[in-house]
Amino acid sequence: MKTPDKQNYTILEIQNLDVNYGGIQALKKINLTIQKGEVVTLIGANGAGKTTTLRAISKIVNSKSGEIIYNGRNITRRQVHHVVQLGIAHCPEGRRVLAKQTVFDNLLLGAYIRSNQAEIKADIQRQFEQFPRLAQRRYQLAGTLSGGEQQMLAIARALMSRPQLLLLDEPSLGLAPAIVREIFSIIENLRATGVTILLVEQNANLALQIADRGYVLEAGSITLTGAASELISDERVKKAYLG
Ligand SMILES: Nc1ncnc2c1ncn2[C@@H]1O[C@H](COP(=O)(O)OP(=O)(O)O)[C@@H](O)[C@H]1O
Ligand SMILES: [Mg+2]
């Protein structure tokens, strides 16, 4: 078993979720559950609705129908900051660090819902221990970091809200293979700290190697789900996503 601290407790349950953008139905009655401590991956082609799923969970987009239950609470109609307060952090596609702010200030912004300054400072130090490249660059403007460093900063910033559930959108996108390996080893370390992870990836091979379970999203619908070890050898997955 990959996850020693996996508990038999549902941290997130998505039931029959529909999301529309104007006339486009981006998600069609999707169902997805995550147990506390799991790494679950959502794989699918460009445009399948992966980002929309994460945005629906973190309330950046509203759902048309269906429910999102987090830690036993219905969060379907909550607002972004409230969801962050409840322990969900979203590390967005394309990193979206604040280019004109320093690494340090980006991390500080990740803690915007918190008020204990001593704890925030201690957590920034913890992120610097976890991401030594960020420590060396703490006063550098985020926009001058490499793509991989920006991705590390985006993850570290998300962790500054002390999440129980981390939503990671395409952390490997556009990065060189060596950096991708580094990012994925960071994700494995995060799992060991007990944070539950929903990992969106186009790189299905890598994602299925570190995940416990996976869901395949095609044109807004979940078409396949199972243990990552089964999906990685499933002929349909191999043909469509593993090249
Ligand atoms: N802000 C938006 N306005 C209109 N359509 C959108 C918007 N964002 C995404 N879409 C559409 O929703 C579908 C799913 O997109 P997305 O969730 O970004 O897919 P993925 O992350 O899997 O590539 C696509 O057809 C996309 O064009
Ligand atoms: Mg996307």
Side-chain angles (χ1 to χ4, degrees), residues 12-34 39-68 70 75-80 83 88-97 147-148 150-155 157-158 163 165-176 179-180 183-184 187 197-211 213-226 228 231-232 234 236-243:
L12 188 82
E13 185 164 9
I14 296 179
Q15 303 166 343
N16 294 317
L17 194 74
D18 278 319
V19 173
N20 285 12
Y21 295 110
I24 299 171
Q25 202 179 352
L27 293 180
K28 301 165 192 163
K29 300 243 170 303
I30 72 160
N31 289 284
L32 181 154
T33 60
I34 305 178
V39 175
V40 171
T41 185
L42 187 57
I43 58 182
N46 205 2
K50 304 180 299 298
T51 295
T52 301
T53 304
L54 298 192
R55 294 180 136 206
I57 297 167
S58 59
K59 307 315 303 166
I60 299 167
V61 299
N62 288 321
S63 37
K64 182 171 163 243
S65 59
E67 309 291 338
I68 304 172
Y70 168 73
I75 61 163
T76 317
R77 272 157 278 282
R78 297 291 173 93
Q79 291 181 326
V80 174
V83 170
I88 300 179
H90 187 161
C91 184
E93 187 174 5
R95 354 272 190 225
R96 303 207 177 266
V97 294
Q150 288 190 12
Q151 184 61 63
M152 289 174 200
L153 179 56
I155 294 172
R157 181 184 56 184
L165 175 63
L166 178 64
L167 311 175
L168 279 176
D169 199 348
E170 305 263 12
S172 78
L173 199 69
L175 302 180
I179 305 293
V180 172
I183 299 279
F184 270 71
I187 297 171
I197 298 172
L198 178 55
L199 171 65
V200 159
E201 264 296 338
Q202 275 192 61
N203 190 331
N205 194 23
L206 262 181
L208 289 170
Q209 280 176 41
I210 71 161
R213 289 187 303 115
Y215 288 84
V216 175
L217 197 55
E218 283 177 47
S221 300
I222 304 262
T223 52
L224 206 56
T225 179
L231 290 179
I232 210 163
D234 186 289
R236 292 162 291 182
V237 175
K238 276 191 188 169
K239 196 159 169 256
Y241 306 105
L242 303 179

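Ligands are counted one by one from 1 in listed order, and the atoms in each one are counted from 1 as well. Values below: all heavy atoms of this structure, side chains included; hydrogens, waters and symmetry mates excluded.
- Judged by distance alone, the side chain of Lys64 and the main-chain N or O of Leu27 form no donor-acceptor pair under 3.5 Å.
- Side-chain polar atoms of Thr53 and Tyr215 form no donor-acceptor pair below 3.5 angstrom.
- Nearest protein neighbour of atom 13 (C) of ligand 1, counting heavy atoms only, is Gly47 O, 3.7 Å.
- Each of the following atoms of ligand 1 lies closer than 4.0 Å to a heavy atom of Ala45: 22 (O).
- Ligand 1 does not have Gly44 within reach: every non-hydrogen atom of the residue lies 4.0 Å or more from it.
- Under 2.8 Å from the Mg ion (ligand 2) lies an N/O/S atom of Thr51, whether from backbone or side chain.
- Among all heavy-atom pairs drawn from Leu17 and Ala56, the shortest one is CD2-CB, 3.8 Å.
- Shown here for Ile43 and Ala207, the closest heavy-atom pair between the two residues is CG2-CB, 4.4 Å.
- Close N/O approach between Thr51 and ligand 1 is found [any backbone or side-chain N/O within under 3.5 Å].
- The nearest pair of heavy atoms linking Pro171 to Ile187 is CG-CD1, 4.1 Å.
- Annotation: atom 19 (O) of ligand 1 to nearest protein heavy atom, Gly49 N, 3.2 Å.
- Other residues, nucleotides and ligands contribute over 12 non-hydrogen atoms within 6.0 Å of the CZ atom of Arg95.
- No side-chain heavy atom of Glu67 sits less than 4.5 Å from a side-chain heavy atom of Asn16.
- Checking only distances, Thr52 does come within under 3.5 Å of ligand 1, N or O to N or O.
- Every N/O-N/O distance between Ile24 and ligand 1 stays at or above 3.5 Å.
- Those atoms of ligand 1 that come under 4.0 Å of a heavy atom in Ala26, given as number and element, are 12 (O).
- Glu93 contributes OE1 as its N, O or S atom closest to the Mg ion (ligand 2).
- Every heavy atom of Gly22 sits 4.0 Å or more from the atoms of ligand 1.
- Close approach of ligand 1 to Asn46 is summarised as follows: ligand atoms under 4.0 Å from at least one heavy atom of the residue are 23 (O).
- In this structure, the protein non-hydrogen atom closest to atom 2 (C) of ligand 1 is Tyr21 CD2, 3.6 Å.
- Between the Thr76 side chain and the Ile68 main chain, a donor and an acceptor come within less than 3.5 Å of each other.
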Compile the donor-acceptor pairs under 3.5 Å between side chains in residues 236-243 and protein atoms, sequence neighbours left out, one pair per line.
unit_1, atom_1, unit_2, atom_2, d
Arg236, NE, Asp234, OD1, 3.2
Arg236, NH2, Asp234, OD2, 3.0

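- Within the 4.0 angstrom cut-off, atom 26 (C) of ligand 1 has no protein heavy-atom neighbours.
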